[in-house]
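First comes the structure, then the notes that go with it.
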2 protein chains.
Amino acid sequence: MVNGGKMTKRHADRIAKALEELIFDGTFANGERLDEVRLAEQFGVSRTPFREALQRLSLSGLVELVPHRGAFVRQPGPVELIEMFEVMAEMEAACGRFAAMRISDEALDDLRAANVRCREAIERGDPDAYYAENERFHQIIYAQSGNAFLAQEAGRLHKRLRPFRRQQLRFRGRMAQSMEEHEAIVEALVSGDAEAAALRLRGHVAVQGEKFHRLMASLRSAAE
Amino acid sequence: MVNGGKMTKRHADRIAKALEELIFDGTFANGERLDEVRLAEQFGVSRTPFREALQRLSLSGLVELVPHRGAFVRQPGPVELIEMFEVMAEMEAACGRFAAMRISDEALDDLRAANVRCREAIERGDPDAYYAENERFHQIIYAQSGNAFLAQEAGRLHKRLRPFRRQQLRFRGRMAQSMEEHEAIVEALVSGDAEAAALRLRGHVAVQGEKFHRLMASLRSAAE
DNA sequence: GTCAAGAATTTTGTATACAAATTTGACTTC
DNA sequence: GAAGTCAAATTTGTATACAAAATTCTTGAC
């Protein structure tokens with residue numbers, strides 16, 4: 001019972017979301033300080049709810065809150081990014097390991113359906129549609145881990161890495177490869193092979209080899 | 001650069017820590033509402049920093065913040081607890097997998113030293129000392145994963161589960177068994193066997209078989 | 001010209017005051 | 001007597017005012 005989709009009209013919520021977007025978008029540069037008075041006024045609220053929003057973002061790691069100094073946006077650097085992907089890979093592997101034993105038939109159908117739409121998106125050459133279905137694919141696996149806590153944590157990290165994962169798909173041939181990996185993952189889940197599911201999901205998410213260079217390249221371009 | 005041990009004198013920090021303790025200790029019952037005005041006064045501060053503290057605790061999952069209703073302490077129930085231990089086991093397994101390849105010789109010595117002190121604690125029949133060294137053992141492995149992000153996440157969850165892990169050690173024979181598992185883990189790390197390290201750490205942390213019943217029993221007694 | 005010390009200014013942290021929303025209780029009605 | 005409705009009273013959410021800390025700018029000495 002986690003305040004299911006109730007439309008909260010709290011200013012703090014709205015601002016936290018907005019700031020999150022602006023940080024993801026790169027509107028705010030990396031070390032930039034978020035001026036409380038200026039931005040609060042810009043959002044049309046007082047400092048109190050604005051600071052609440054900052055508090056939350058600091059716990060998500062998007063801003064660093066230095067005592068008596070202010071809030072600074074904190075984009076992950078190359079090292080931290082690699083680390084986060086490493087953890088993401090392990091989390092997805094864990095989800096896959098559990099899901100192999102716990103997934104429902106309906107969910108398997110949903111995965112297959114998502115993959116079909118993925119393939120259609122590739123044929124249309126539509127990376128956005130592909131990304132949307134890819135997202136759905138992974139969310140299903142999180143949920144089917146049968147572990148709500150794990151699903152939540154995986155979702156959190158996924159959200160944080162979203163812009164970077166998205167970027168990765170724009171590289172030539174990656175969508176097709178990703179597609180094949182998806183199908184191998186479903187196959188492992190269908191046959192209930194926990195280790196294979198874990199291994200394939202880890203490999204699917206892990207940033208290694210060519211993917212590593214591509215990530216670094218995208219980082220460099222983002223920095224300019 | 002995450003504000004390393006700097007002694008912050010912010011009220012919000014102090015109160016967040018204090019509340020955390022009180023919730024862990026079970027001073028606050030499960031669904032209990034945390035009255036802002038009463039508790040803020042009790043802590044000798046105004047509502048503003050007190051609410052900041054609540055915000056943080058809500059993001060750690062220790063309290064649920066219902067809009068326009070208040071803050072309610074949220075002790076994990078049996079299901080969530082099992083789920084959290086499941087994730088903890090996977091995280092430690094991941095730490096072990098990485099550490100097997102990345103651990104330093106000094107850290108291996110530290111692990112052996114911690115184990116020696118563990119054994120001494122058992123001989124003295126001192127569960128508190130054992131727990132302290134056990135904690136150290138695991139923290140070393142987190143750090144030696146060579147992944148600061150993973151180490152941080154593992155540490156967070158470890159902290160959250162601390163009271164329950166501690167309780168587990170009080171059961172007859174568990175310390176000795178835990179000790180053996182520690183040594184098997186070190187052995188795997190020494191030989192650089194990533195899969196063995198992961199497997200053994202997962203098994204060490206996982207709550208299954210007899211441990212499950214014990215956890216349930218301790219929960220029941222805590223509820224009364 | 002550079003560096004240091006200190007005052008002025010800016011900015012964060014906290015307290016208080018006010019507004020909005022929810023809960024509670026009384027009163028009415030069936 | 002029970003249920004519904006409306007008003008009073010809490011209680012949360014937000015704005016503003018004040019205090020404390022840090023930064024910046026000025027001023028003076030070497």
Side-chain angles (χ1 to χ4, degrees), chain A residues 1-23 27-74, chain B residues 1-20 22-23 28-74:
Chain A
M1 192 169 36
V2 190
N3 183 24
K6 189 180 289 184
M7 182 55 181
T8 57
K9 292 197 184 274
R10 294 182 55 200
H11 291 170
D13 288 2
R14 185 171 57 82
I15 287 159
K17 246 186 194 166
L19 278 180
E20 200 176 78
E21 275 303 314
L22 290 173
I23 290 174
T27 306
F28 294 119
N30 187 13
E32 192 170 341
R33 177 170 141 273
L34 299 176
D35 190 321
E36 289 182 4
V37 293
R38 195 172 60 82
L39 286 172
E41 186 173 19
Q42 200 165 319
F43 278 108
V45 300
S46 82
R47 278 176 57 217
T48 310
F50 187 81
R51 278 172 63 91
E52 258 190 45
L54 286 182
Q55 288 281 332
R56 276 190 245 181
L57 294 183
S58 88
L59 288 218
S60 331
L62 274 73
V63 309
E64 186 170 6
L65 230 49
V66 187
H68 294 288
R69 294 281 312 268
F72 301 85
V73 322
R74 183 163 147 50
Chain B
M1 192 168 37
V2 190
N3 183 24
K6 189 180 290 185
M7 182 53 182
T8 57
K9 292 200 183 271
R10 294 182 55 199
H11 292 169
D13 288 2
R14 186 170 58 81
I15 287 158
K17 245 186 197 167
L19 279 179
E20 200 177 78
L22 291 173
I23 291 174
F28 293 119
N30 187 12
E32 191 170 343
R33 177 171 141 274
L34 299 178
D35 190 321
E36 289 182 5
V37 293
R38 196 171 60 81
L39 287 173
E41 187 173 20
Q42 201 164 319
F43 278 107
V45 300
S46 81
R47 278 176 57 217
T48 310
F50 187 81
R51 278 173 62 92
E52 258 191 44
L54 286 182
Q55 288 280 333
R56 275 190 246 181
L57 294 183
S58 88
L59 288 217
S60 330
L62 273 75
V63 309
E64 184 170 8
L65 229 50
V66 188
H68 290 119
R69 297 280 310 267
F72 301 85
V73 323
R74 180 161 149 51

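Residue numbering restarts at 1 for every chain, and letters A, B, ... go by the order of the sequence lines.
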### Task
At under 4.0 Å between heavy atoms, which parts of nucleotides 7-12 of chain C does protein reach? Answer with one letter per nucleotide, 5' to 3': B base, S sugar-phosphate only, - none.
----SB

### Message
Below 4.0 Å from chain B heavy atoms, what is the first contacting nucleotide of DNA chain D and what is the last?
### Response
dT11(D) to dT14(D)

### Message
Taking side-chain contact (heavy atoms from CB on, under 4.5 Å) as the definition, give me every residue that meets it alongside S60(B), ordered by chain and number, with sequence neighbours left out.
### Response
L62(B)

### Query
Do E32(B) and N30(B) have side-chain heavy atoms sitting under 4.5 Å apart?
no

Identify each donor-acceptor pair in which a side-chain atom of residues 33-41 of chain B lies under 3.5 Å from a protein atom, sequence neighbours left out, and give them as a table.
residue	atom	partner	partner atom	Å
D35(B)	OD1	V37(B)	N	3.1
D35(B)	OD1	R38(B)	N	3.3
E36(B)	OE1	R47(B)	NE	2.9
E36(B)	OE1	R47(B)	NH2	3.1
E36(B)	OE2	R51(B)	NH1	2.9

### Query
Under 4.5 Å between any side-chain heavy atoms of I23(B) and R74(B), yes or no?
no

#### Entry: Nucleic acid contacts of residues 38-45 of chain B, taken as heavy-atom distances under 4.0 Å to DNA chain C
V45(B)

### Task
Determine whether L19(A) and F28(A) make a side-chain contact, defined as any pair of heavy atoms from C-beta on separated by less than 4.5 Å.
yes

### Task
State which residues pass side-chain contact (heavy atoms from CB on, under 4.5 Å) with A12(B); sequence neighbours excluded, sorted by chain then number.
R10(B), P49(B), E52(B), R56(B)

#### Entry: Approximate separation, where rounding is to 0.5 Å, of H11(A) NE2 and F43(A) CZ
12.5 Å

### Query
How long is the gap from CG on L57(B) to CD1 on I15(B), to the nearest 0.5 Å?
10.5 Å

### Query
By side-chain contact (heavy atoms from CB on, under 4.5 Å), which residues pair with S58(B), not counting sequence neighbours?
V63(B), L65(B)

#### Entry: Test side chain to side chain contact (heavy atoms under 4.5 Å, CB included) applied to E20(A) and L22(A), step by step
CA-CA 5 Å; E20(A) 200 176 78; L22(A) 290 173; over 6 Å; no

